[in-house]
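Working notes, structure below.
The figures that follow rest on heavy atoms only: side chains count, while hydrogens, waters and symmetry mates do not. We count ligands from 1, going down the list as the structure has it; atoms in each ligand are counted the same way.
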Amino acid sequence: MKWLALILVMVVRIIPAPQSVEERGGSFRYNPSKVEYRLDPKANIPAEGYTLDISRTRVRAVASTPAGLFYAAKTLEQLNVNGQVQCAKITDYPRYSWRGFHVDPCRHFQSVEDLKTMIDIMAQYKINTMHWHLTDDQGWRIEIKKYPRLTSVGAWRTEWDGGVHGGYYTQDEIREVVAYAAERFITIVPEIEMPGHAVAAIRAYPELSCTEEPVGSFSTWGSPDIVLCPGKENMFRFLDDVIAEVSALFPGDYIHIGGDECKKTRWEKCPACQARIKAEGLTATADATAEERLQSYAVKRMEGILAKYGKKLIGWDEILEGGLSPNAAVMSWRGEKGGIAAAEQGHEVVMTPSHDGMYLDHYQGDPKIEPETISGDNTLEKVYNYNPSIPVKGVQANLWSEYIYSESQRQYMFFPRAFALAEIAWTLPANKDFKAFCTAVDRACEDLDRRGVNYHIPMPEQPGGSYNHVVFLDKAVLEFTTTRPMRMVYTLDGTEPSAQSATYEKPLEYSSDATLKIACVTSYGKLGKVRTISVEKQALKPATELETDPGITLRSTYGFFLSWADIPSSAHWTDPRPIKSFRDIPRQEPTHYNMMGLNFYAAEATGYIKVPEDGVYVFSTIFDQLWIDGEKLIDNGSEVKKHSRHDNSVALMKGYHPVTVRFLSNVRGGWTTARNRGEVLFRKVN
Ligand code: ACM
Ligand code: ZN
């Protein structure tokens with residue numbers, strides 16, 4: 001059996017792994033003109049499937065559909081290593097018919113060229129659906145000829161730093177992208193959001209909302225209560241007109257109508273909405289409010305509108321609330337629950353559960369050192385391990401773009417996790433193997449390098465949360481892990497590490513000060529981001545003698561400041577006033593979940609923290625600055641302040657230590673700091 005194992009390791013592992021590979025001796029010298037492609041609609045091969053017969057002299061690909069032949073060619077391209085293709089018989093077909101990825105150009109715009117790059121790459125890996133989220137609160141991105149203000153007004157927003165962000169796709173550009181995708185067997189499913197996530201449309205046409213009030217630029221993230229009014233016929237006429245133009249542009253079967261996260265508070269007070277509820281008999285039931293039933297009514301009308309234009313409806317799992325529309329397909333994002341309920345009612349389901357790996361806007365490594373994201377923990381391995389618990393139409397991964405401020409960042413969030421998506425969407429679970437997949441990921445990432453496309457390479461992470469200033473009393477022990485199998489290299493002499501540097505094999509021990517530079521290195525010798533960690537021996541900082549804790553006092557000054565240094569020396573500060581806890585600091589002014597009309601301010605609070613015993617403590621805060629014993633320990637500086645990313649350690653004696661925190665109530669990168677919890681957390685590490 002030994003020789004068999006030897007032969008098997010010679011199989012080039014491709015993504016997604018084929019369903020069956022029979023290895024044969026020898027190899028084919030790759031020459032595209034010796035490849036025979038045969039389309040045989042009568043062949044007993046599933047749609048999109050193919051067989052590949054690779055001998056030393058020729059390659060024969062057979063499929064029952066053009067897509068199948070396209071995928072045979074894509075397999076062959078990946079099997080070609082330095083001009084040689086291992087002889088084999090491959091029988092392959094997809095697990096799911098909907099193998100989707102989603103992009104969100106609404107929060108941050110994505111150019112046609114950048115989108116084409118993504119489409120081109122995803123087609124290589126047998127993805128066949130692109131969900132194009134074209135409308136949202138922060139931007140309307142598709143030209144609609146009948147409603148020019150959707151793009152002249154709704155496609156542009158003024159950011160809190162004064163910049164203007166926006167863009168939209170003309171109908172010609174839409175056709176161009178649709179054709180480009182179709183050539184690669186990718187169907188585009190456009191999403192036109194209703195009745196929530198529609199502020200951009202309401203900014204352009206306020207008469208679509210309940211109150212008809214004018215709305216200014218909306219440039220923070222969240223789910224505002226400014227939504228479309230299903231009480232009004234003109235709102236449905238608007239959607240009908242929009243769908244008429246949209247359905248002519250997209251030849252696919254489905255249009256996504258959104259339906260998620262619609263706040264219904266305004267409907268409760270809107271005479272038109274309440275009249276509709278009455279006229280249609282949408283009274284509350286045991287499992288749905290009248291307003292939820294009103295949303296269900298609106299979605300059902302959308303199903304009728306779509307049907308008029310020959311389209312089928314798909315929506316987020318909220319469309320179950322108040323009763324599912326008769327033929328709707330459901331995209332289950334809040335876990336699998338909605339998808340399971342829809343399947344039980346006989347509806348088509350696409351699984352895209354956010355916390356099970358399918359939200360690629362979530363963290364893929366330690367939040368302490370990764371760039372800011374919305375939240376979460378979707379490592380490559382977690383994405384890879386997602387396996388729908390019921391039979392469904394397909395799976396999809398979503399890339400929301402609130403915290404994606406550049407195309408390079410978009411690519412970093414997408415790759416290589418999109419490769420894991422490709423494999424779970426195509427490959428039967430029995431043929432999956434994470435370790436083998438990771439070797440194929442390296443090859444796929446090398447291809448991204450050739451294309452100039454960015455991707456995530458893990459960083460060495462400290463278990464329990466990474467920090468770059470490691471204080472110790474007698475001895476420091478630094479342990480590192482990675483989110484996927486990766487060699488780590490490091491230096492101790494201040495020089496930049498390279499692939500030839502020392503390999504990390506076991507925790508590193510220090511008894512004197514040091515500077516550690518450590519990074520992951522791929523199998524093809526590329527280094528990820530280098531972490532520089534200073535290791536410092538400290539004496540315990542003495543505690544302050546106090547009988548009782550004198551509490552926390554706060555002073556503040558009004559104004560929108562992005563940095564502490566921006567506060568003018570002439571600023572008028574209030575007298576210090578007592579507050580109960582640090583958590584009160586971001587709550588000095590009223591907030592509203594729409595995050596509009598806020599009074600911004602700067603605040604400085606002083607007090608004491610009590611540490612329970614002598615030791616080294618790691619501190620964490622999302623406040624702008626944290627000072628302990630008169631020294632600045634954390635400065636979150638110019639970052640988007642949603643998660644703390646500058647944890648720091650210090651050696652403290654048991655007892656009270658004076659603390660100052662500085663907080664700026666502002667908006668940066670769309671995130672409103674008034675939403676922050678406002679905590680100073682610490683844990684003993686030494
Ligand atoms: C969603 O993430 N709101 C569908
Ligand atoms: Zn209304």
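Defined by atom type and a distance below 3.5 Å, a donor-acceptor pair is missing between the side-chain atoms of Asn676 and Thr673.
In this structure, Glu48 pairs ionically with Arg99, as a charged nitrogen and a carboxylate oxygen lie closer than 4.0 Å.
The CH2 atom of Trp221 sits 11.5 Å away from atom NZ of Lys642, with the distance rounded to the nearest 0.5 Å.
Here's the thing with Asp260: one of its N/O atoms is less than 3.5 angstrom from an N/O atom of ligand 1. The shortest N/O to N/O separation between His197 and ligand 1 does not fall below 3.5 Å.
Residue-ligand proximity, Trp400 to ligand 1, at heavy-atom distances under 4.0 Å covers atoms 1 (C), 2 (O), 4 (C).
Stacking of Arg184 on the aromatic ring of Tyr180 is recorded, both the 6.0 Å distance cut-off and the 45° axial limit being met.
If you put the vertex on the Zn ion (ligand 2), SG of Cys210 and SG of Cys273 sit 110° apart, to the nearest 10°. An angle of 110° is found at the Zn ion (ligand 2) between Cys229 atom SG and Cys270 atom SG, rounded to 10°.
Here the protein heavy atom with the shortest distance to atom 2 (O) of ligand 1 is Tyr359 OH, 2.7 Å.
Test Met302, Lys311, Lys308 against Ile243 for side chain to side chain contact (heavy atoms under 4.5 Å, CB included) and you get one pass: Met302.
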